[in-house]
**Q** 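Pasting a structure below so you can have a look.
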Amino acid sequence: MTIFASCFSRALPLVAAAVLAACGGGGGSEFSLSSKAGVSVRGGGSSADASVDTSTPPPLPTLEQMTPVQGAKVTAMAWIDSRTLELTIASDAFAAPVKVEVFLPAGYLTDTKRRWAFTYYLGGTNHNQTTFRNDYSAYDLVENYPSLVVSPSGDSGYWSDWFNNGAGGPPKYETFVMDQLLPLIDANFRTVGDRAHRAIMGDSMGGYGALMIAARHPDKFAAAASLSGTVDTNFPTGMAAVSASPALQMGLPDSIYGPRLTQEVRWRGHNPWDLARNLAGMDLLVITGNGILGLADGEGGTDPAGCVLEAGAIYPESVNLHNQLTSLGIAHAWEPLPWGCHSKSLFRYEIKRAVARFEKVFAAAPTAPTQFDFRAVEPQFAVYGWSVQADPARALEFMDLRDVSATGLTVIGSGLTTITTPGFFRGRSAVDIHIEGAVTSVRPDSAGRVVFAVDLGPANASQQYTLGSTNDAQIRRVTFTPR
């Protein structure tokens with residue numbers, strides 16, 4: 001044990017450096033042709049497909065017909081090849097327009113009555129929207145995959161809205177991905193548009209992003225996969241990477257969540273390990289290499305730093321998450337590979353594994369859970385149709401909802417908390433709210449929702465995990481009796 005600790009302490013600087021030594025996405029020459037569809041044909045790593053008829057608009061909205069969403073609109077469209085569109089999006093989540101690639105499934109342009117699943121691919125540190133297509137040549141892995149694959153650019157932002165020393169964003173990656181890009185794709189492409197037909201995956205930093213976003217928005221995805229992801233920022237190398245990563249895009253250290261010493265609750269409020277309960281009811285894949293070069297698997301020529309990174313950071317963080325999910329009784333696929341360095345070959349293999357799982361999930365079209373747990377640090381949040389507003393006097397801390405269903409829930413936290421249910425009670429004249437022996441009768445609104453308050457004692461005045469904070473949590477069981 002002492003020998004291991006000594007070796008790891010010597011390796012830690014190499015691991016931390018390797019975390020930030022990400023390869024940038026490829027570029028390429030570009031050319032443009034005008035078309036009646038309002039899109040251009042562009043070569044970026046591969047030549048434009050000659051089968052694209054630029055004189056006839058494809059069965060897609062023209063640029064002028066693209067429906068904007070709050071805070072974001074498409075300002076340019078370009079064909080990369082016969083099935084890949086590059087979108088340029090002006091978003092108030094960023095200081096400058098961002099690019100997104102959308103890979104259309106086979107048959108999308110011809111079977112105009114069919115609707116399709118929607119898969120997010122989130123890239124690693126310093127990768128952009130072209131990485132999935134160019135660096136990993138991954139589109140051949142999804143050639144017959146019955147889903148759009150949407151690849152936004154994540155830079156080195158850990159797919160989060162930045163704290164920026166309390167000033168907030170931009171950049172606001174999570175806001176863009178969930179509040180802008182997701183509804184924009186649903187509005188302008190023929191997606192099914194429901195949870196049962198959405199999945200999210202990512203590698204390295206993108207693995208963190210995929211599980212973090214899935215855990216914070218479990219009502220939006222039926223499946224999620226971490227592909228050699230940095231999935232536990234409580235681990236020293238994960239912590240170091242998130243802290244230093246903003247420098248790669250000219251930001252100050254700790255811009256993402258703030259200094260760990262004073263803002264630990266913000267870190268934990270985005271960390272997949274801390275949010276593991278939220279992932280129940282979703283098809284989960286956690287896959288990782290072990291840092292041993294897989295020569296038989298095409299990993300020859302891999303940068304040795306990728307082996308150090310996979311062995312010293314990715315593998316142990318993935319083990320931590322696997323153990324946490326197991327301890328909570330949350331079903332998941334755990335695939336620790338007997339080979340694999342942080343490399344393109346490994347990511348290609350892992351993408352293939354994720355896509356195979358997602359396809360089965362889409363075919364099964366699973367329903368959302370009727371009972372769930374959820375935790376968040378935000379003062380207000382919504383999930384599965386429930387809305388929660390914490391006490392305005394409460395300092396930033398976790399609130400936990402347990403065993404949430406149409407019959408009731410358990411609330412853990414502090415302060416006077418206001419909760420709005422989904423429309424369970426349409427047609428009922430009243431609902432009796434039982435809280436610790438007290439009963440209050442509430443009339444549902446026209447949509448069948450009821451609003452009630454839960455007294456969790458005095459609001460904690462000190463931010464959770466700060467020096468001297470107590471953060472006493474009260475537990476209240478709430479049950480409903482409709483009349």
**Q** Check the orientation of F374 and F381. Use parallel for under 30°, tilted for 30 to 60°, and perpendicular for over 60°.
**A**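 Tilted, since the angle between the ring planes falls between 30° and 60°.
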**Q** Using the ring centroid of each side chain, check whether F103 and Y145 are separated by less than 6.0 Å.
**A**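 Centroid separation for F103 and Y145: 6.0 Å or greater.
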**Q** Regarding S228 and E350, do their side chains bring together a donor and an acceptor under 3.5 Å, going by distance alone?
**A**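 Distance-only check passes for S228 and E350.
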**Q** What are the two closest heavy atoms between K344 and D135, and how far apart are they?
**A**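 Heavy atoms of K344 and D135 come nearest at CD-O, 3.3 Å.
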**Q** Looking at the rings of F118 and H197, which for Trp means the six-membered one, are their centres under 6.0 Å apart?
**A**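 Ring centroids of F118 and H197 are no less than 6.0 Å from each other.
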**Q** When you look at CD of Q70, are more than 12 heavy atoms from neighbouring residues, nucleotides or ligands closer to it than 6.0 Å?
**A**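 It does not: Q70 CD has 12 such atoms or fewer within range.
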**Q** Are V411 and L401 packed together at the side-chain level, in the sense that at least one heavy-atom pair is separated by less than 4.5 angstrom?
**A**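 They are in contact (side-chain heavy atoms under 4.5 Å apart), so the answer is yes.
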**Q** I'd like to know if the side chain of E317 reaches the main chain of G238, judged simply by a donor and an acceptor atom lying under 3.5 Å from each other, with no hydrogens or angles considered.
**A**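 Between the backbone of G238 and the side chain of E317 there is a qualifying donor-acceptor contact (under 3.5 Å).
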**Q** If only atom types and distance count, is the side chain of W159 paired as donor or acceptor with the main-chain N or O of G123 below 3.5 Å?
**A**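 Yes: the side chain of W159 pairs with the backbone of G123.
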**Q** Say whether, by atom type as modelled, one donor and one acceptor occur between the side chain of W116 and the main chain of P105 under 3.5 angstrom.
**A**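 Such a contact is absent between W116 side chain and P105 backbone.
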**Q** Are any side-chain N or O atoms of S255 and backbone N or O atoms of L252, one a donor and one an acceptor, separated by less than 3.5 Å?
**A**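 Between the backbone of L252 and the side chain of S255 there is a qualifying donor-acceptor contact (under 3.5 Å).
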**Q** Does the N460 side chain pair with the main chain of S462, one donor and one acceptor, at a distance under 3.5 Å?
**A**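 It does not hold such a pair.
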**Q** To the nearest 0.5 Å, what is the distance between CD1 on I314 and CG on D232?
**A**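 If we round to the nearest 0.5 Å, I314:CD1 and D232:CG are 11.0 Å apart.
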**Q** Return the OG to CG distance between S414 and D391, rounded to the nearest 0.5 Å.
**A**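 Rounded to the nearest 0.5 Å, the OG-CG separation comes to 7.0 Å.
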**Q** Is any NZ, NE, NH1 or NH2 atom of the basic residue among D186 and R198 found under 4.0 Å from an Asp or Glu carboxylate oxygen of the other?
**A**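 Counted as a salt bridge, because a side-chain N and a carboxylate O are separated by less than 4.0 Å.
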**Q** Could you grab the distance from atom NZ of K99 to atom OG1 of T75, nearest 0.5 Å is fine?
**A**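 Atom-to-atom, K99:NZ and T75:OG1 are 7.5 Å apart.
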**Q** What's the shortest heavy-atom distance between P366 and V361, and which atoms?
**A**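 Scanning both residues, the minimum pair turns out to be CD-O, 3.2 Å.
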**Q** Using the ring centroid of each side chain, check whether F94 and Y173 are separated by less than 6.0 Å.
**A**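 So the answer is yes for these two rings.
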**Q** Is there a side-chain contact between W334 and L284, using heavy atoms and a 4.5 Å cut-off?
**A**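 W334 does not reach L284 side chain to side chain.
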**Q** On a heavy-atom basis, which atom in M201 and which in A210 lie closest, and how many Å separate them?
**A**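 So the two residues come closest at C-CB, 3.7 Å.
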**Q** What's the spacing between D203 CG and R348 CZ if we round to 0.5 Å?
**A**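 Interatomic distance, D203 CG to R348 CZ, rounded to 0.5 Å: 13.0 Å.
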**Q** Evaluate L60 against L104 for side-chain contact (heavy atoms from CB on, under 4.5 Å), listing each step before the verdict.
**A** CA-CA 11 Å; L60 291 167; L104 302 175; 4.3 Å; yes
**Q** Please determine if R195 forms a cation-pi arrangement with F221, meaning its NZ or CZ atom is less than 6.0 Å from the six-membered ring centre and no more than 45° off the ring axis.
**A**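 Not satisfied by the 6.0 Å and 45° rule.
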**Q** Side-chain donor-acceptor pair under 3.5 Å between S387 and Q380, yes or no?
**A**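 Judged by distance alone, the side chains do not pair up.
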**Q** Could you tell me whether the side chains of D161 and T175 share a donor-acceptor contact shorter than 3.5 Å?
**A**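 Side-chain D/A pair, D161 to T175: present.
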**Q** Could you walk me through whether Q180 and S91 pass side chain to side chain donor-acceptor pair (under 3.5 Å), step by step?
**A** CA-CA 8 Å; Q180 297 178 348; S91 164; 2.5 Å; yes
**Q** Distance only, no hydrogens: is a donor on one side chain within 3.5 Å (strictly under) of an acceptor on the other, for Q463 and Q263?
**A**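 Yes, Q263 and Q463 have a side-chain donor paired with an acceptor closer than 3.5 Å.
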**Q** If you compare all heavy atoms of S243 against all heavy atoms of D254, which two are closest, and at what distance to 0.1 Å?
**A**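 Smallest interatomic distance, heavy atoms only, reads OG-OD1, 2.7 Å.
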**Q** Flag the pair I412 / R402 as yes when at least one side-chain heavy-atom distance between them is below 4.5 Å, and no otherwise.
**A**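 The answer is yes; the side chains approach within 4.5 Å.
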**Q** Evaluate the side-chain contact (heavy atoms from CB on, under 4.5 Å) criterion for residues W386 and V404: first the C-alpha distance (whole Å), next the side-chain angles of each, then the deciding distance (0.1 Å), finally the verdict.
**A** CA-CA 9 Å; W386 294 76; V404 185; 3.4 Å; yes
**Q** Can you classify the ring geometry of H342 versus F347 as parallel (below 30°), tilted (30 to 60°) or perpendicular (above 60°)?
**A**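 The rings of H342 and F347 stand perpendicular, inter-plane angle above 60°.
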**Q** Does R83 reach the side chain of D81, with side-chain heavy atoms less than 4.5 Å apart?
**A**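 Of all side-chain heavy-atom pairs linking D81 with R83, at least one is under 4.5 Å.
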**Q** Give me the one residue out of Y158, F163, W267 that meets ring pair (Phe, Tyr, Trp, His ring centres under 6.0 Å) with Y257.
**A**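 By the ring pair (Phe, Tyr, Trp, His ring centres under 6.0 Å) criterion, Y257 pairs with just one of Y158, F163, W267: W267.
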**Q** Show the nearest heavy-atom pair for residues P218 and Y384, with the distance to one decimal.
**A**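 That closest heavy-atom pairing would be O-OH, 3.2 Å.
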**Q** For side-chain contact (heavy atoms from CB on, under 4.5 Å), just list the numbers for L184 and V74, CA-CA rounded to whole Å, side-chain angles, deciding distance to a tenth of an Å, and then say yes or no.
**A** CA-CA 9 Å; L184 190 148; V74 178; 3.7 Å; yes
**Q** Y139 and T84: side-chain donor and acceptor closer than 3.5 Å?
**A**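 There is no such pair between these side chains.
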**Q** Does L182 reach the side chain of Y120, with side-chain heavy atoms less than 4.5 Å apart?
**A**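 They are in contact (side-chain heavy atoms under 4.5 Å apart), so the answer is yes.
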**Q** Looking only at side chains, do N234 and D274 share a donor and an acceptor under 3.5 Å apart?
**A**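 D274 and N234 do have a side-chain donor-acceptor pair below 3.5 Å.
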**Q** Does any part of the side chain of V98, heavy atoms only, come nearer than 4.5 Å to the side chain of S153, both counted from C-beta?
**A**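 No - every pair of side-chain heavy atoms lies 4.5 Å or more apart.
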**Q** So which atom in G124 and which in S204 form the shortest heavy-atom distance, rounded to 0.1 Å?
**A**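 Minimum heavy-atom contact is CA-CB, 4.3 Å.
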**Q** Quick check against the 3.5 Å criterion: does R216 have a side-chain atom that pairs as donor or acceptor with the backbone of L275?
**A**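 Checking the backbone N and O of L275 against the side chain of R216, no donor-acceptor pair under 3.5 Å is found.
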**Q** Closer than 3.5 angstrom, by distance alone: can the side chain of E310 be matched with the main-chain N or O of G289 as a donor-acceptor pair?
**A**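 Flag set: sc E310 to bb G289 pair under 3.5 Å.
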**Q** Please examine the side chains of L87 and V102, heavy atoms only from C-beta on, and report whether any two atoms are closer than 4.5 Å.
**A**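 With C-beta onward as the side chain, the pair touches.
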**Q** Let me confirm one number: the CD1-OH distance from I287 to Y349, rounded to the nearest 0.5 Å.
**A**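 It is 5.5 Å, given to the nearest 0.5 Å.
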**Q** Determine yes or no for a side-chain-to-main-chain donor-acceptor pair under 3.5 angstrom, with S147 supplying the side chain and T119 the backbone.
**A**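 Yes, the answer is positive, given that a donor and an acceptor are paired below the 3.5 Å cut-off.
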**Q** Could you tell me whether a side-chain N or O of N164 sits under 3.5 Å from a main-chain N or O of P170, the two making a donor and an acceptor?
**A**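 Pair found, side chain donor or acceptor close to backbone of P170.
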**Q** In terms of ring plane angle, is the pair Y136 and Y121 parallel, tilted or perpendicular, where the classes change at 30° and 60°?
**A**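 Because their plane-to-plane angle is over 60°, the rings of Y136 and Y121 count as perpendicular.
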**Q** Please report the interatomic distance CZ(R266) to CG(N271), rounded to the nearest 0.5 Å.
**A**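 Interatomic distance, R266 CZ to N271 CG, rounded to 0.5 Å: 15.5 Å.
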**Q** Both conditions, 6.0 Å and 45 degrees, for the charged tip of R190 above the ring of Y108: are they met here?
**A**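 Yes.
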**Q** Does CZ in R353 sit with more than 12 non-hydrogen atoms of other residues, nucleotides or ligands closer than 6.0 Å?
**A**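 Incorrect, the count does not exceed 12.
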**Q** In the structure I gave you, are the side-chain heavy atoms of L122 and I200 within less than 4.5 Å of one another anywhere?
**A**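 Yes; the side chains approach each other to less than 4.5 Å.
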**Q** Checking side-chain contact (heavy atoms from CB on, under 4.5 Å) for the pair V286/E335: CA distance, chi angles, key distance, verdict?
**A** CA-CA 6 Å; V286 181; E335 296 191 16; over 6 Å; no
**Q** Regarding Q249 and S156, is there a side-chain donor-to-acceptor distance under 3.5 Å anywhere?
**A**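 The criterion, which ignores hydrogens and geometry beyond distance, is satisfied for S156 and Q249.
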**Q** Flag yes if more than 12 heavy atoms outside N323 fall under 6.0 Å of its CG atom; otherwise flag no.
**A**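 Yes.
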**Q** Please say which of D403, N278, V383, L409 ends up in a side chain to side chain contact (heavy atoms under 4.5 Å, CB included) with F372.
**A**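 By the side chain to side chain contact (heavy atoms under 4.5 Å, CB included) criterion, F372 pairs with just one of D403, N278, V383, L409: V383.
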**Q** Checking T466 side chain against S469 main chain: does a donor-acceptor pair fall under 3.5 Å?
**A**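 Looks like no, no N/O pair under 3.5 Å.
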